[in-house]
Amino acid sequence: MRMITIAAFWGLTASLVSAGEVKLSNPSFEKGTGGFWINNLKEISINTNDSNHGRQCLSVSPVKSKTINVVFFADYKPDTIYTVSYDSKAEKAGQDSRIQLAVMAQGKKPISFLPKLKIAPVNPKTEWSTSTASFGPVKSKVMGREVKKLAIFINVVKNEKGGTVLIDNISLSTKPASAEPAVETKKKMK
């Protein structure tokens, strides 16, 4: 938890101006891992041989760790639906690493993961595909503390066989919330 606080302090934050596309500082890893907090740098690399957008992508190979967290931060905005989109691909057929999104509310310090966020995991295939998940609105207080930022986790989880997952072209957009909370996951093959 301490590392997440440090990362938030150093400004690894997406700029949320108004409804629509949110500007991320390095969505396709063209500047390495800048703009992201990653819990284990030994199990990731920048892949310059494959990408779905730009010249390179992030290669994540959970070996010793069971889960690798690729995290970016966004300003909290009340009554807002957030939509995260990313491209992913399994490096080889037959592997079973998966991607699971999670969101943590943050105030002056990390508060808590959002408990009722039920976003289906993605099992990348050997062709690039785009996955999209929406969540929100997020309450302005979690566990009695004011929410100021959201830490959005793109977790690569090792199963029995493991394997390398490529991630590219991350985006975040927002729109005003309707009366009903939104949680949905979509996957689109390219």
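The first residue of the sequence shown is numbered 1, and numbering continues consecutively from there.
- K149 places none of its side-chain heavy atoms less than 4.5 Å from the side chain of Y76.
- There is a path of hydrophobic side-chain contacts, each under 4.5 Å, that joins I38 to I152.
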Requested in this report: Start with the C-alpha distance between V156 and I44, add both sets of side-chain angles, then the distance that settles side-chain contact (heavy atoms from CB on, under 4.5 Å), and finish with yes or no.
Outcome: CA-CA 10 Å; V156 179; I44 64 101; over 6 Å; no
Requested in this report: Apply side-chain contact (heavy atoms from CB on, under 4.5 Å) to the pair S140 and V147, showing each step before the final yes or no.
Outcome: CA-CA 5 Å; S140 63; V147 176; 5.9 Å; no
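- Residues V142 and S112 come closest through the heavy atom pair CG1-CB, 4.1 Å.
- Checking side-chain atoms of D96 against main-chain N and O of E160 turns up a donor-acceptor pair under 3.5 Å.
- F135 and Y82 have parallel rings, their planes meeting at less than 30° on a 0 to 90° scale where 60° marks the start of perpendicular.
- For K158 (side chain) and V63 (main-chain N/O), a donor-acceptor pair under 3.5 Å exists by modelled atom type.
- Follow the hydrophobic side-chain contacts under 4.5 Å out from I119 and you reach V138 in the same cluster.
- To the nearest 0.5 Å, atom OG1 of residue T164 and atom CD of residue Q95 are 6.0 Å apart.
- Proximity of P62 to S97: side-chain heavy atoms (C-beta onward) are separated by under 4.5 Å at one or more points.
- Remark: K89 does not engage E127 in a salt bridge, criterion side-chain N to carboxylate O under 4.0 Å.
- A donor-acceptor pair is defined here as one N or O able to donate and one able to accept, closer than 3.5 Å; such a pair exists between the side chain of N47 and the backbone of N49.
- Y86 meets the ring-ring contact (aromatic ring centres under 6.0 Å, His included) test with no other residue; sequence neighbours excluded.
- No path of Ile, Leu, Val, Met, Phe, Trp and Tyr side chains, each step under 4.5 Å between heavy atoms, connects L41 with V157, placing them in separate hydrophobic clusters.
- For S85, the side chain to side chain contact (heavy atoms under 4.5 Å, CB included) test picks out T130, T132, S171, with sequence neighbours left out.
- Counting heavy atoms from C-beta outward, I154 and V71 have side chains that stay 4.5 Å or more apart.
- With sequence neighbours left out, S51 forms a side chain to side chain contact (heavy atoms under 4.5 Å, CB included) with C57, D168.
- Side-chain N or O atoms of N26 include one that pairs as donor or acceptor with a backbone N or O of G34 at under 3.5 Å.
- D87 places no side-chain N or O within donor-acceptor distance of the main-chain N or O of N169, the cut-off being under 3.5 Å.
- In this structure, CG in L114 is found 12.0 Å from CG in L101, a value given to the nearest 0.5 Å.
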Requested in this report: May I have the step-by-step check of side-chain contact (heavy atoms from CB on, under 4.5 Å) for L58 and L166, ending in yes or no?
Outcome: CA-CA 6 Å; L58 184 68; L166 306 179; over 6 Å; no
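- Atoms OG and NZ, from S25 and K31 in turn, are 7.0 Å apart once rounded to the nearest 0.5 Å.
- Counting only heavy atoms from C-beta outward, the side chains of V70 and W37 never approach each other to under 4.5 Å.
- The closest donor-acceptor contact from the side chain of S61 to the backbone of E43 lies at 3.5 Å or more, if one exists at all.
- Exactly one of K141, E146, R145 qualifies for a side-chain contact (heavy atoms from CB on, under 4.5 Å) with I111. That residue is R145.
- For the atom pair D75 CG and L150 CG, the distance stands at 9.0 Å (nearest 0.5 Å).
- Paired with R98 under the rule side-chain hydrogen bond (donor to acceptor under 3.5 Å, both in side chains), one option of N123, N159, N155 passes, and it is N159.
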Requested in this report: Show your reasoning for whether side-chain contact (heavy atoms from CB on, under 4.5 Å) applies to F153 and F113.
Outcome: CA-CA 10 Å; F153 286 66; F113 281 98; 3.7 Å; yes
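- Between P176 and I81 the shortest heavy-atom distance is O-CG1, 4.2 Å.
- Checked against a 6.0 Å centroid threshold, the rings of F36 and F29 count as neighbours.
- A donor-acceptor pair is defined here as one N or O able to donate and one able to accept, closer than 3.5 Å; such a pair exists between the side chain of E30 and the backbone of R55.
- Taking CD1 from I99 and OG from S88, the interatomic distance works out to 4.0 Å, rounded to the nearest 0.5 Å.
- Contact of the T83 side chain with the L172 side chain is not registered, since no non-hydrogen atoms from C-beta on lie closer than 4.5 Å.
- Annotation: the span from K148 atom NZ to F73 atom CZ amounts to 15.5 Å, rounded to 0.5 Å.
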